[in-house]
Amino acid sequence: MTELAKRKVLAVLSGHVHDAFDLTQETVQGSVRMIGAGTLSRRLRSTPPSFNELRWDGEQLAVSVRNLEGYDTPEMMINEVPEDATPPRKPGEPVAPVDEVPRTDPPVH
């Protein structure tokens, strides 16, 4: 992250992480924005299938979450990414603010 910040990277994009996020990580060289896309696959998850819409106007990067259930962007964004990237196991763990813990743990298709 420090090396990316040193090089003035605008953002790091990742895909297929299920719950969309738009987070900033501070480093000694400055901040790095991390944007994770959702996925449109149907599965047992705590949030509906989603993806990020990115818009660049030449100066600012805007991120909006789009999904198949009609939730607004703030309701779909997670506040942090779990260190082990597991889905939530109980209320209060990082999950999109739609805030439902999967009925089956771990989710089974």
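For the numbers below, each heavy atom of this structure counts, side chains included, while hydrogens, waters and symmetry mates do not.
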Nearest-0.5 Å distance that lies between atom NZ in K8 and atom CD in Q29: 7.0 Å
About how many Å separate CG of D22 and CE of M34, when rounded to the nearest 0.5 Å? 9.0 Å
Could you go step by step and tell me if I35 and L54 meet the side chain to side chain contact (heavy atoms under 4.5 Å, CB included) rule? CA-CA 10 Å; I35 302 170; L54 306 179; 4.0 Å; yes
Using a 6.0 Å cut-off, check whether atom CD of Q60 has over 12 heavy atoms from anything other than its own residue. no
Under 4.5 Å between side-chain heavy atoms, counting indirect links through other Ile/Leu/Val/Met/Phe/Trp/Tyr residues: same cluster for V28 and M1 or not? no
Can you tell me how far CG of L4 sits from CD of Q25, rounded to the nearest 0.5 angstrom? 11.0 Å
Would a single hydrophobic cluster contain both L13 and L10, if residues Ile, Leu, Val, Met, Phe, Trp and Tyr are joined by side-chain heavy-atom contacts under 4.5 Å? yes
Could you grab the distance from atom CG of L61 to atom CZ of R33, nearest 0.5 Å is fine? 4.5 Å
Nearest non-hydrogen partners of S31 and A5, listed with the distance: O-CB, 4.2 Å
Closest non-hydrogen contact found for N52 with F21 is ND2-O, 4.0 Å
From CA spacing to verdict: side chain to side chain contact (heavy atoms under 4.5 Å, CB included), V32, V12: CA-CA 7 Å; V32 176; V12 175; 3.9 Å; yes
